[in-house]
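Step one of this worksheet: look at the structure below.
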Amino acid sequence: MRKSSRSRAYAPRSTPSPSTASPLTTLDLDIAGRNSSIVAESANVCSNSTIPQAISGQKSRDAMKMKVADDIVENGRNFGDDLSQIIGEVRQRFQDVPPLEEDEADLKPSKAKNYDSDAETQQEPKQKKQKKRARKDTSKTGFDERFACNRGGTKEQIEDKSNPNAFIISVFRKMLDYYTQINDHWRRLAYTRAITTLASITDRRISSAHEARELPNFGESLSTKLEEIVSTHNLKRLQYAMTDPISQVKMLFLGIYGVGPSTAERWIAQGHRTLDDLLQGVTLTFSQKIGIEHYGDLNSRIPRDEVTKMADYVKAEAAKIDSKVELIVGGSYRRGATTSGDIDFIITKEGTTSNQQLSTFLITLVRNLGKQGFLTAELAAHSSSKDHDGSKWHGCCVLPRIPGFNDNGGYKPVWRRIDLLLVPETEYGAALIYFTGNDIFNRSLRLLASKQHMRLNQRGLYKDTTPSNDRLKGAEGELIEGRDERKIFKTLGVVWREPHERWC
DNA sequence: ATTCAGCCTTA
DNA sequence: TAAGGC
DNA sequence: GAAT
Ligand SMILES: O=c1ccn([C@H]2C[C@H](O)[C@@H](COP(=O)(O)OP(=O)(O)OP(=O)(O)O)O2)c(=O)[nH]1
Ligand SMILES: [Mg+2]
């Protein structure tokens, strides 16, 4: 059932020929890439934390250089020089590297380890000071500022200049970046929240652990770190994180589309340290193969004007199939980003009430775009393999040569990730919220909904069947609204925010 | 000890 | 089901 | 990592 079920339908898995990186012309596709976003985490909290293009949670980032197999050439050039050096270092120092201390895992909370994962945090078991700060009474206003969705934020204000604790924030952000890359889910959440707290303080400087401890979202560990930052102007943990060879390798592996914390750590445990090692020593999934093959492309950002070109291309093709179908570019593009990690399309049509009514269109669109060489790989697509109503299509694409636009100094295909989301008109509003994000905004909004005994997902806002009662997705709950974006905000008591104000 | 959003696809 | 991703 |  593995390979067989997968292959049928429209497009075979792609046949990316490493050396021949020019998808166009080849009929049918070779699909590849897609993005891998590690995006930020955290529910409430946010204000002006996470960064759009600067950090953008993407796996990219400077440290993301990589070394690819010699036979794999990206854009005609073999890249990986400096990375090679880093890797080389890793190789050597590898032998006497401590067993990667704790775990940093964000896996299952199952085998919870009690001991602090931070060596430096080892403090005496000082009795917890009662920190039962009175929580904000939100019952009256119905407006809980602890939720990021209620604070909003624009990509501009992310660079909060004059904040008395700006330096502390900057260091915490680096820690956040680190945990984002290393994919430590919950620490990311914790740091995001702490940063939000600090960012909201505009009238004073926090300079001691004691002082910090009184703040929301600041526990023992973060308070201690804050003091260390203020007093020593440095943070050992960060210093270590940035230089630890194993962490670097983990980040390298996490940059591969289709590789998460579990796989990355397993490979490291098995002794792998470079992408070469992986190509030769492990069994890769289809996505991972493409992830490695197009490591550079897929970890690079897409300029806004290029996203626009891609959108035009796809829309034009869609119009030939069914002019009534509407395509909206969501994601960071809709939020006004100057660069995006991928391109996200919402596909809808007036009068539709189910994905099935759109699946035929999708299949045709994908087939046509594949024939043209625009789509180059299929990474996930329920729609094409099953006869039911698949709701999404994830793959890769390459913008063809456009004279005067991307052929300066010669055209070279660049693989980009593309996501298509099928949306019946009845779910348009909820889907728009979902696909516009950002992710933190969404989570905040959903958390807020749940606290009001409602459930928000990409299809709609539902009235739940009691908090404890259900929990089993069997109980759908009653649909409150799915069509209108604004109504959903309103029902939740959240002030309307334009897409560009949803950077959390 | 649990929760931190909620859902879809792949292997 | 575990893992990865949106 | 923090709150409950
Ligand atoms: O964990 C996630 C990831 C994404 N999304 C939503 C919000 C996001 O805006 C949209 C598209 O996902 P994508 O990964 O493309 O993020 P983006 O906001 O478009 O940023 P990028 O520029 O990296 O593509 O899906 C979530 O709800 N949860
Ligand atoms: Mg996107």
Side-chain angles (χ1 to χ4, degrees), chain A residues 1-3 5-6 13 34-39 41-45 57 59 104 106-110 112 114 116-118 121 128 131-133 135 146 149 172 175-176 179 183-194 197 213 215-225 254 256-266 283-288 291 330-331 341-342 344 355 378-386 389-394 417 419-422 430-431 434-451 455-460 462 473:
Chain A
M1 52 140 110
R2 326 196 154 282
K3 49 192 323 177
S5 67
R6 170 82 234 54
R13 238 17 162 81
R34 223 249 111 236
N35 138 32
S36 59
S37 56
I38 288 183
V39 203
E41 289 303 339
S42 151
N44 21 355
V45 184
K59 295 187 178 180
E104 303 272 355
D106 94 305
L107 307 174
K108 296 293 182 183
S110 51
N114 276 333
D116 273 338
S117 53
D118 283 337
T121 301
K128 282 200 121 128
K131 102 180 261 181
K132 43 193 64 177
R133 18 164 170 287
R135 18 223 241 73
R146 289 176 304 172
C149 55
F172 271 45
M175 287 296 289
L176 173 60
Y179 285 124
N183 225 316
D184 188 325
H185 210 69
W186 306 122
R187 282 190 178 83
R188 284 159 72 189
L189 180 58
Y191 274 91
T192 301
R193 288 174 168 171
T197 296
R213 195 64 183 73
L215 270 38
N217 304 310
F218 269 84
E220 289 299 324
S221 182
L222 290 182
S223 297
T224 301
K225 285 186 173 63
L254 287 173
I256 301 169
Y257 183 88
V259 174
S262 181
T263 304
E265 288 186 4
R266 189 176 72 247
T283 301
L284 301 167
T285 65
F286 176 76
S287 290
Q288 291 164 349
D342 66 2
D344 307 290
N355 288 330
E378 177 182 277
L379 299 175
H382 172 117
S383 62
S384 61
S385 59
K386 295 225 173 180
D389 48 278
S391 59
K392 58 174 62 168
W393 191 93
H394 293 170
R417 298 164 289 147
D419 294 352
L420 309 178
L421 183 67
L422 250 38
Y434 162 66
F435 230 37
T436 297
N438 64 8
D439 58 333
I440 294 176
F441 179 85
N442 289 350
R443 292 167 61 178
S444 176
L445 206 58
R446 291 175 181 205
L447 182 61
L448 182 58
S450 73
K451 299 215 166 175
R455 177 166 51 96
L456 176 65
N457 61 26
Q458 55 270 57
R459 291 196 271 275
Y462 301 81
K473 59 183 170 191

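Throughout, protein chains are lettered first and strands after them, A, B, ... in sequence-line order, and every chain is numbered starting at 1.
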By nearest atom, which of the nucleotides [options] is closest to the [X] side chain?
X      : options              : answer
A:Y191 : B:dA11, D:dG1, B:dC7 : D:dG1
A:L189 : B:dG6, B:dC4, C:dA3  : B:dC4
A:S391 : D:dG1, C:dA3, B:dT9  : B:dT9
A:K392 : C:dA3, D:dG1, B:dC8  : B:dC8
A:W186 : D:dG1, B:dC8, B:dT10 : D:dG1
A:R459 : D:dA2, B:dC7, C:dG4  : B:dC7
A:L447 : B:dA5, B:dT10, B:dG6 : B:dA5
A:Q458 : C:dG4, B:dC7, D:dA3  : B:dC7

Short side-chain N/O contact to [N] OP1/OP2 from [X], under 4.0 Å:
X      : N     : value
A:R266 : C:dG4 : no
A:N457 : B:dC7 : yes
A:Y257 : C:dG5 : no
A:S444 : B:dA5 : no

What is the distance from [atom1] of [X] to [atom2] of [N], rounded to the nearest Å?
X      : N     : atom1 : atom2 : result
A:D342 : C:dG5 : CG    : C1'   : 11 Å
A:L284 : C:dG4 : CG    : P     : 13 Å
A:L445 : B:dC4 : CG    : P     : 15 Å
A:R193 : D:dT4 : CZ    : C1'   : 11 Å
A:N442 : B:dC7 : CG    : C1'   : 12 Å
A:N183 : C:dA2 : CG    : P     : 18 Å
A:I440 : B:dC4 : CD1   : P     : 16 Å
A:D439 : B:dG6 : CG    : C1'   : 13 Å

Heavy-atom pair of closest approach, residues A:L254 and A:P261: CD2-N, 3.5 Å
Sugar-phosphate, base or nothing in reach of A:L456, heavy atoms under 4.0 Å: sugar-phosphate
Sugar-phosphate, base or nothing in reach of A:F435, heavy atoms under 4.0 Å: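 Contact class for A:F435: sugar-phosphate only.
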Interatomic distance at P, D:dT4 relative to B:dA5, whole Å: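 15 Å, rounded to whole Å.
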Under the 3.5 angstrom rule, does the side chain of [X] hit a backbone N or O of [Y] as a donor-acceptor pair?
X      : Y      : value
A:N442 : A:Y434 : yes
A:R213 : A:F218 : yes
A:S444 : A:I440 : no

side-chain hydrogen bond (donor to acceptor under 3.5 Å, both in side chains) partners for A:Q288, two or more places apart: A:T285
Closest-nucleotide ordering on DNA chain B, the 5'-leading residue of A:T285 and A:R446: A:R446
Residues in side chain to side chain contact (heavy atoms under 4.5 Å, CB included) contact with A:A449, at least two apart in sequence or another chain: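 With neighbours one apart ignored, the set is A:M454, A:L456, A:L461, A:L492.
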